[in-house]
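Order of the sequence lines fixes the chain letters, A, B, ..., with proteins taken first and strands second; residue numbering starts at 1 for each chain.
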Amino acid sequence: MPTSGLVVCLPIMRPLDKEETEKVFAKLINFIGDNVHALLERKDDPHVFRLHKDRVFYVSELVLAHASPFQRKDLKSFGTCLGKMTHSGKFHLHITALPILAQYAKYKVWVNESSALSFVYKNHVLKSGLVLMTENVPAHQGVVVYAKKESENDVPIGFGILARATYECQACEPGDIVVFHQADVGEYLRDEENLV
Amino acid sequence: MSSSESESYISEQDEIFEELEREVDQEEEEQQRMEADAEAEAAEAAADVEASTVDFDPELSDMKAIRERLETIIFVLGNFKVRRDEEHSRSEYIDLLKHDIAIYYGYCEYLVDLFLDLFSPDEAIAFFEASEKPRPLTIRVNTLRTRRKELAHTLINRGVNLDPLGAWSKVGLQIYDSGVSLGATPEYLAGHYMIQAAASFLPCIALDPKPGEKVLDMCAAPGGKTTYLSQLMKNTGVVIANDFNEKRIPALVANIHRMGASNTVVCNKDGRQLGEMTGGFNRVLIDAPCTGLGVISRDPSVKFDKSEKDILKSSHVQRELMLTAIDLVDSSKPGAVIVYSTCSVTVEENEAVVDYALARRDVKVVETGLPFGRPGLIRHRQRRFHPSIAQSVRVYPHAHNMDGFYVCKLVKISNKGSAIIAAAEEAKKKPQKAESKQSQPKEQERVPLILAPRVLEAKRAEAVKAKKDKGDKKPKRTGKARAWKGRKERKFQGKKDKKE
């Protein structure tokens with residue numbers, strides 16, 4: 001039977017407050033730079049950020065409208081989960097944010113087949129596995145890691161933090177770390193329970 | 001007579017002779033043939049007698065002997081009048097057959113009876129045989145991320161031997177053998193494909209969702225069908241994926257995110273209670289929880305686990321789910337389709353459920369649009385179902401080399417007879433009556449369920465504003481919570497005292 005619903009449905013997800021927004025955008029800007037504007041201004045299909053439990057979701061308004069009638073405990077996910085707010089108040093990007101990061105990525109790193117396999121098992125990217133990278137990237141910049149394939153579209157397999165700037169990478173030893181691992185698509189199998 | 005004429009005369013004579021000779025030859029040949037046929041028939045009869053001698057020893061323990069006896073009984077039953085042993089009745093043969101099947105294939109007696117009611121003896125044996133072997137591995141290409149040709153090329157480079165699934169599916173690939181684990185390739189992790197049985201493509205194809213619609217997947221985990229629906233809708237509109245089992249939710253969420261289906265909402269609720277929360281769908285898919293008697297090759301434990309009670313129990317849940325699903329669909333919206341599917345082959349869980357729904361709601365069965373499959377049963381033992389149920393589809397492992405599956409497509413004609421909608425209308429009427437009686441009624445907004453999301457958003461924003469205006473007052477604790485807090489503090493103090 002339809003209850004009035006209003007009372008039950010109130011304590012559901014909410015928009016991010018100012019502090020949270022700053023944290024989320026700081027992380028996003030590290031990866032996609034000015035393209036965050038594109039995330040906010042999608043005229044055909046407006047999207048919004050929502051906090052549900054401790055997860056941050058990026059979701060189209062249409063989908064959000066259909067998610068809101070559900071009770072807080074029943075609702076598990078909607079749209080795309082970007083990451084979580086930790087207990088200490090920091091924001092962590094999750095691998096589920098990869099499609100958005102890959103779509104707007106400013107800085108990219110391409111790795112070879114064997115290095116890609118190693119990367120999806122939680123390892124850093126070494127100089128020896130590096131095939132190609134964006135020019136003039138400063139150190140400690142967020143980068144999206146792609147598996148390089150011949151004659152086909154490249155597959156994004158995760159993201160991380162550049163250990164050294166582009167010009168330093170050219171000079172370093174084969175065993176040196178180029179990208180610090182942050183998240184990889186292997187987590188869909190390894191860490192299924194904690195994704196969302 | 002000129003020379004040429006005489007020559008032609010001679011040649012004519014020759015031809016006549018030749019014809020006569022041919023006729024004689026033919027007669028002889030026919031006679032020989034008849035004799036040979038008679039001999040063959042006699043031999044066959046002899047062979048029949050030999051092949052149809054059945055050893056009626058119930059304590060035959062050798063598996064090979066049981067297998068041979070099974071084949072013999074099936075052979076005898078193929079032409080019982082001729083091949084029977086006069087001393088034994090038909091029921092004796094059938095009982096022996098059941099006994100042998102139970103031993104050889106390891107089914108409990110109830111299930112043997114059930115399958116023999118469903119199939120003819122030789123088809124039943126084919127079913128049991130097919131249920132021993134695994135079905136071919138198939139994958140579904142995620143068209144949101146890649147194309148089938150591209151993925152096939154990549155996988156072939158990885159040493160996978162594959163082929164397109166068939167003319168009926170544009171997104172399926174059949175895997176023959178593979179050097180690498182298909183569940184761990186970079187393409188799999190990047191969401192380019194989903195490992196999914198061919199049979200579970202069928203309900204999604206039958207549902208045929210269109211971009212921009214509002215679709216519900218009632219029993220969604222682990223998300224194979226949900227992501228397929230999302231891909232058919234080109235990631236527009238909304239797919240609400242529900243599953244009752246909380247333990248299966250992480251897999252569902254992971255698959256949805258891996259495949260990039262961002263138009264989905266995942267919720268964890270009893271499907272039968274969804275009517276309280278939502279409604280007004282274009283299409284609903286119920287891949288109902290079932291006994292799994294169509295996928296014995298995947299889980300052989302059902303052979304002796306399942307009893308009549310289990311089947312009736314699951315049928316009961318399925319009926320409730322079915323009615324809820326029909327009530328959730330809005331007949332005035334485009335589509336208004338409900339697809340009901342199970343991975344079971346029993347009549348009780350399939351046709352009976354559809355028949356139940358047909359009697360209680362204003363729905364009709366329509367063609368599923370699938371290119372293969374056998375028609376749904378409308379007569380089974382003493383039961384008779386609505387004739388339109390023949391338009392639903394049954395898929396069998398021995399006939400189609402897919403999991404045993406049932407798919408039925410229903411279209412909702414009107415909202416008549418729908419409990420939820422009737423109750424909503426009643427609820428609308430009630431406050432009006434109250435208004436006329438009471439002199440100062442409180443203004444209470446009644447919002448149709450479908451519009452609720454937007455109204456709620458506005459309401460919530462107002463509530464937040466009001467809260468801020470009041471100056472962050474802490475919400476009042478309920479009695480229970482206060483008691484709990486007190487208890488906690490007391491406990492804590494007790495600990496402190498001990499320490500001191």
K.L.:
Do the non-hydrogen side-chain atoms of A:Phe57 and A:Leu64 ever get within less than 4.5 Å of each other?
P.N.:
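Contact flag for A:Phe57/A:Leu64 side chains = no.
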
K.L.:
Non-hydrogen atoms of chain A under 4.5 Å away: do they reach the side chain of B:Gln273, the backbone, both or neither?
P.N.:
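Contact with chain A involves no heavy atom of B:Gln273 at all.
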
K.L.:
Quick one: are A:Pro15 and A:Arg50 in side-chain contact, heavy atoms under 4.5 Å?
P.N.:
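Side chain of A:Pro15 against side chain of A:Arg50, heavy atoms only: contact under 4.5 Å found.
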
K.L.:
What part of A:Ser60 is in contact with chain B, defined as an atom under 4.5 angstrom from a non-hydrogen atom: side chain, backbone, both or neither?
P.N.:
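When you check distances to chain B, no heavy atom of A:Ser60 falls under 4.5 Å.
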
K.L.:
When rounded to the nearest 0.5 angstrom, what is the spacing between CD1 in B:Ile139 and CD in B:Gln196?
P.N.:
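These two atoms lie 11.0 Å from each other.
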
K.L.:
Are A:Tyr58 and A:His47 close enough that their ring centres sit under 6.0 Å apart?
P.N.:
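Centroid separation for A:Tyr58 and A:His47: below 6.0 Å.
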
K.L.:
Specify which of A:Val120, A:Ile157, A:Leu189, A:Leu195 makes the most heavy-atom pairs with chain B at under 4.5 Å.
P.N.:
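The answer is A:Leu189.
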
K.L.:
Side chains of B:Tyr193 and B:Thr185: do they bring a donor and an acceptor to under 3.5 Å?
P.N.:
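Note: B:Tyr193 and B:Thr185 side chains meet the donor-acceptor criterion.
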
K.L.:
Show the nearest heavy-atom pair for residues B:Leu321 and B:Cys219, with the distance to one decimal.
P.N.:
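Distance-wise, the nearest heavy atoms are CD1-SG, 4.2 Å.
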
K.L.:
Using heavy-atom distances under 4.5 Å, tell me whether B:Arg158 contacts chain A through its side chain, its backbone, both, or neither.
P.N.:
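Just its side chain gets close to chain A.
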
K.L.:
Does any heavy atom of chain B fall under 4.5 Å from the side chain of A:Glu113, the backbone, both, or neither of them?
P.N.:
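It is the side chain, since no backbone atom gets that close.
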
K.L.:
Please flag which part of A:Leu98 lies under 4.5 Å from any non-hydrogen atom of chain B: side chain, backbone, both or neither.
P.N.:
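It is neither, since no heavy atom gets under 4.5 Å.
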
K.L.:
Could you have a look at B:Ala241, B:Ala251, B:Ala261, B:Pro186 and say which one has the most heavy-atom pairs with chain A under 4.5 angstrom?
P.N.:
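If we count pairs closer than 4.5 Å to chain A, B:Ala251 comes out on top.
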
